[in-house]
Amino acid sequence: MGALPHITPVDRTDLPPAFPPGFRWGAATAAYQVEGAVREGGRGPSIWDTFSRTPGKVTGGDTGDVATDHYHRFREDVALMRELGLTSYRFSISWPRVQPTGRGPALEQGLDFYRRLTDELLAAGIEPVATLYHWDLPQELEDLGGWPARSTAERFGEYAQLVAQALGDRVALWGTLNEPWCSAFLGYGSGVHAPGRTDPAAALRAAHHLNLAHGRGVAALRASLPSTALVTISLNLHQIRPLTDSEADREAARRIDAVGNRIFTGPLLHGGYPDDLRADTAHLVDWERLVRPGDAAAIGAPIDLLGLNYYTPALVSASAPAAARPAHGLGDHSPWPGAERVFFHQPPGRATAMGWAIDPSGLYDLLTETARANPGLPLLITENGAAFEDVPTPSGEVHDPERIAYLHGHLAAVHRAMADGADVRGYFLWSLLDNFEWSYGYGKRFGAVYVDYATQCRIPKASAAWYAGTARSNALQPPVSN
Ligand code: FCB
């Protein structure tokens, strides 16, 4: 039988690069960063309430008390999303709104806020994408040991079940955790995030219990949701590049990859913790005791998509030339147990207001490498974006050509990665709105929409209009600001 002739598609270079039908065009936020209303509706305190009120922890003493007042202004914000042509909105659910102490029955008032939000989204034709945990652990659970305690993972499973039962009829795409690396290693290692502990062994235990919490969460979601519901987790897999090709620098990159990436992808996707990670950290943790029978199966429960958050690559070396940043990054304590003698360098070229190097090739490599390592697992970019020093003009416009260039460059990389085989199902811009940027407070603006914090007035930036054009046409528009 003769083979069909291979037809080469005509490369229409005059048309903007198109994305497949059904590609998600989203924006993301997180509860503590946008909601405010921290004392309303019976909400209990979270570790971020405590941490942000601790002098010296957050720039300017900023807290999430008011944030962008999304709790009260969500209707206006959903209307903005509609103007932006978004197909999807990724938000997180505040655990202490649902269970003020992290235990016991759900508070209906807390769930009602998310019922109202999701109803509003659905009425606007926008897909709600709910993340169960974006760093706001109920303070009482921290007082009982926090993520280094195994019981916190069990509590998370119970919480997941309560939320799934309440919102399962209207949310079809669920995320368990956002960036568990940050929760474990910035929260308990370097201490620059809540709860601000600096104990490398506790950070490693936290990582395992976050993995276990994910597993318990997946089980709870599967038990309560229709079989069509999709489940994901958002990982900030570090795109690590050795400074040179020397054996020592490649070994430095391996160590960071172990405790930065494979500590999550190993048990989640490949059957268990890698041997080299166990060896690097054996002086800190007894892995045989930490990981109990049944944990591997729970953590490795299949997921439907893998969420990836990407901002910038990491350049690492084994020795410390003059330009290297302190190995520990922020603060005096390392967030890299077992890799404390690795040095981080500023990659060459332009950087955002965070000082993060702008390098879309990191996203291309991340997508193609992750796709190759996990055949058959669709990917979702659950965060990507940039902070710049946005200032409104006297007539009240915000021109942000650098953000448009950043988004264009990264979306072009996504398109290229897809052409090269990565199965990417959507892109969520970080963030819908300027918001509380954790230890940086309100000084760093990531939004497509500018927020005047004095009035809570929202001003869509030029990048919002650009993104809307791309989302509406499902094709990457040229990076011109109108
Ligand atoms: C990610 C967080 C998100 C936001 C961006 C800038 O690590 O998930 O909440 O702070 O960084």
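Whatever order the structure lists ligands and atoms in, that order sets their numbers, starting from 1.
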Worksheet item: Less than 3.5 Å between some nitrogen or oxygen of W430 and one of ligand 1, yes or no?
Response: no
Worksheet item: How does N178 reach ligand 1, by side chain, by backbone, by both or by neither, if only non-hydrogen atoms under 4.0 Å count?
Response: side chain
Worksheet item: Which atoms from ligand 1 have a heavy atom of F446 less than 4.0 Å away?
Response: 6 (C)
Discussion item. If the threshold is 4.0 Å, N to carboxylate O, is there a salt bridge linking D112 and R115?
Written reply: yes
Worksheet item: Within 45° of the axis and under 6.0 Å from the centre of the six-membered ring of Y364, does NZ or CZ of R416 qualify?
Response: yes
Item to complete: Looking only at protein heavy atoms, identify the closest one to atom 2 (C) of ligand 1 and say how far it is in Å.
Response: E383 OE1, 3.3 Å
Practice prompt. Do me a favour and list the nearest non-hydrogen protein atom to atom 5 (C) of ligand 1 with residue, atom name and distance?
Written response: Y311 OH, 3.3 Å
Worksheet item: Got the closest protein heavy atom to atom 7 (O) of ligand 1, with its distance?
Response: E179 OE1, 2.5 Å
Practice prompt. Report the relative orientation of the aromatic rings in W48 and H193; use parallel for angles under 30°, tilted for 30 to 60°, perpendicular for over 60°.
Written response: perpendicular
Worksheet item: Which atoms of ligand 1 sit under 4.0 Å from any heavy atom of E437?
Response: 4 (C), 6 (C), 10 (O)
Practice prompt. For H134, counting its heavy atoms only, list the atoms of ligand 1 lying under 4.0 Å from any of them.
Written response: 2 (C), 3 (C), 8 (O), 9 (O)
Practice prompt. State which residues pass side-chain hydrogen bond (donor to acceptor under 3.5 Å, both in side chains) with H72; sequence neighbours excluded, sorted by chain then number.
Written response: E40, D69
Discussion item. Strictly below 4.0 Å, N to O, side chains only: are D49 and R39 in salt-bridge contact?
Written reply: no
Practice prompt. Can you sort out which atoms of ligand 1 are near W135, meaning under 4.0 Å from one of its heavy atoms?
Written response: 2 (C), 7 (O), 8 (O)
Fill in: Salt-bridge criterion met for D199 and R205 (N-O under 4.0 Å)
no
Discussion item. Suppose I only count heavy atoms of W438 and a 4.0 Å limit; which atoms of ligand 1 are within that range?
Written reply: 3 (C), 4 (C), 9 (O), 10 (O)
Practice prompt. Specify whether F23 and F19 have parallel, tilted or perpendicular ring planes, treating 30° as the upper limit for parallel and 60° as the lower limit for perpendicular.
Written response: tilted
